[in-house]
Amino acid sequence: MRLLTHRSLNPSRFAALTPSSTIAANDRLQALRAAGKDVLSFNVGEPDFPSPPPAVEAARKSLAQGYTKYAPSMGLPALRSALCEHLRDNNGLELNPDQVLVTPAKFGVFATILALIGEGDEVLLSDPSWVSYVPIIQLAGGTPVFVKTRTSGFVLDPADVEAAISPRTRLLILNSPHNPTGAMVSLRHLEQLADIAQRKDLWVLSDEIYERIAYDSVHHSIAALGGMAERTLTVSGFSKSYAMTGWRIGWLTGPAKMVARLGALHQHALTCLPAFVQAGALAVLQDPAAAQYQKDMVATLRQRRDLLVSGLQRIEGFACKAPAGAFYVFPETSFVLRGTALADHLLEAANVAVAPGISFGPTREDHIRLSYACSSGVIADGLDRIAEAMVGADLQPRPAEATATS
Ligand code: GLU
């Protein structure tokens, strides 16, 4: 029998592959809870709301009617058409059904990077960014190039993006509303980024998975801007905006030829998404009750955001502002205890799970990410526990004090 050893793995592609920190943390959390530990989770980005009732009902009906065989691989025609309508009305995208692939958003990210990136190609992404872009870029043989966002508001400055471009740059990843900061790219910046992408001949991967969770400004799709449709792949889905994480359904849109190629990869890897899952997703787009449910969810998330942000602002050692979208805050911390050590301390001393900022970007040791997709009761208790666990904790010397003692 041949055992799988490290030497069996493709060394250039798999040697560096580590588990997803967010998914591994969620697995750990589930194990802790199964063992009876009362952990409050601000870690994984998963809305605690039930999925919209029209989705559940439609999926149940589809199952009962026997839709348990292969579905059309690119997606049910009715769902692809409904997505075209939905994206025209909400995002200003003009799409034909052959420009839509029904696939999990995460697979859309994976397929796009794998298709576009070859050995030595550079990919621009913001520091911080969602945890899975870098491993996928590296798996494709590419090099991630971080562009630091300004800590005040986490604005991705187009001038910084342009300065980071080299002759090897092939792809720019945008994610608005943003994980882990909740920041949103303004229309003015989006226009500047579109101009850069066209002048420098870059592809854009626009990850819009949090698109319907926007509090203070309107979400814009870069693919809707002049000249961008032919160089943008947009991925999004039902997981976050409609509390349907376990359904694993989303979409990828872009130029028809690219979508067909990525659809071929989807066929080889996934075949199709289950018909009953697609039926549930279609109901979300067609049933006005689901649209209202979604709006109510965002109103509740806004209250939770305000509760968490104001609570953190009252605890010495945390600094943050209210983010414009998604359901994360990414406070800057000024404790001597930093990064993973700080997250471990909160888990051990307070039974509170948070994600260390360093998982999201190389310069984010002094940040943690908290998801507020949990009840306001959990947020209030979590804030009390955090405050108690950090009472009297040593703070880093401020720059002036550091100079005085050095
Ligand atoms: N995207 C979510 C998060 O950042 C879920 C886990 C994952 O897909 O990474 O927590």
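Counting convention: from 1, in listed order, for ligands and their atoms alike. One is the number of the first residue; the rest follow in order along the sequence.
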- Please say whether more than 12 non-hydrogen atoms of neighbouring residues, nucleotides or ligands are located less than 6.0 Å from CZ in Arg261. no
- Using a 4.0 Å heavy-atom cut-off, say whether Asn179 meets ligand 1 through its side chain, its backbone, both or neither. side chain
- Note on the structure: If we number the atoms of ligand 1 from 1 as shown, the ones under 4.0 Å from a heavy atom of Arg369 are 3 (C), 4 (O), 10 (O)
- Message: If we set the cut-off at 4.0 Å for heavy atoms, which region of Phe327 has an atom near ligand 1: side chain, backbone, both, or neither?
- Response: neither
- Query: Do NZ/NE/NH1/NH2 and the carboxylate oxygens of Arg60 and Glu57 come within less than 4.0 Å?
  - Reply: yes
- Message: List ligand 1 atoms under 4.0 Å from Lys240, heavy atoms only on the residue side.
- Response: 1 (N), 2 (C), 5 (C)
- Note on the structure: If we number the atoms of ligand 1 from 1 as shown, the ones under 4.0 Å from a heavy atom of Thr22 are 3 (C), 4 (O), 6 (C), 7 (C), 9 (O), 10 (O)
- Message: Show me which atoms of ligand 1 lie under 4.0 Å from any heavy atom of Val44.
- Response: 5 (C), 6 (C), 10 (O)
- Note on the structure: the protein heavy atom lying closest to atom 8 (O) of ligand 1 turns out to be Lys106 NZ, 2.8 Å
- Message: Would Glu46 count as a contact residue for ligand 1, given that I'm defining contact as a non-hydrogen atom of the residue lying under 4.0 Å from a ligand atom?
- Response: no
- Task: Indicate yes or no: does an N/O atom of Ser132 lie under 3.5 Å from an N/O atom of ligand 1?
- Result: no
- Arg302 and Asp216 ion-paired at < 4.0 Å: yes
- Indicate, with yes or no, if the rings of Tyr242 and Trp247 have centres closer together than 6.0 Å. no
- Give yes if a backbone or side-chain nitrogen or oxygen of Gly45 is under 3.5 Å from a nitrogen or oxygen of ligand 1, and no if not. yes
- Parallel under 30°, tilted from 30 to 60°, perpendicular over 60°: which one fits the rings of Phe107 and Phe110? tilted
- Message: Taking 4.0 Å as the limit for heavy-atom contacts, which would you say applies to Ile23 with ligand 1: side chain only, backbone only, both, or neither?
- Response: side chain
- Item | Basic-acidic side-chain contact under 4.0 Å: Arg385, Asp38 | yes
- Task: Could you say whether the N/O atoms of Trp130 and ligand 1 ever approach to under 3.5 Å?
- Result: yes
- Item | Atoms of ligand 1 close to Tyr328 [distance to a heavy atom under 4.0 angstrom, numbered from 1] | 2 (C), 3 (C), 4 (O), 10 (O)
- With ring centroids as reference points, do Phe327 and Tyr210 lie under 6.0 angstrom apart? yes
- Message: For the aromatic rings, using the six-membered ring if either is Trp, is the centroid distance between Tyr372 and Phe42 under 6.0 Å?
- Response: no
- Item | Residues Asp48, Arg304: salt bridge by 4.0 Å N-O rule | yes
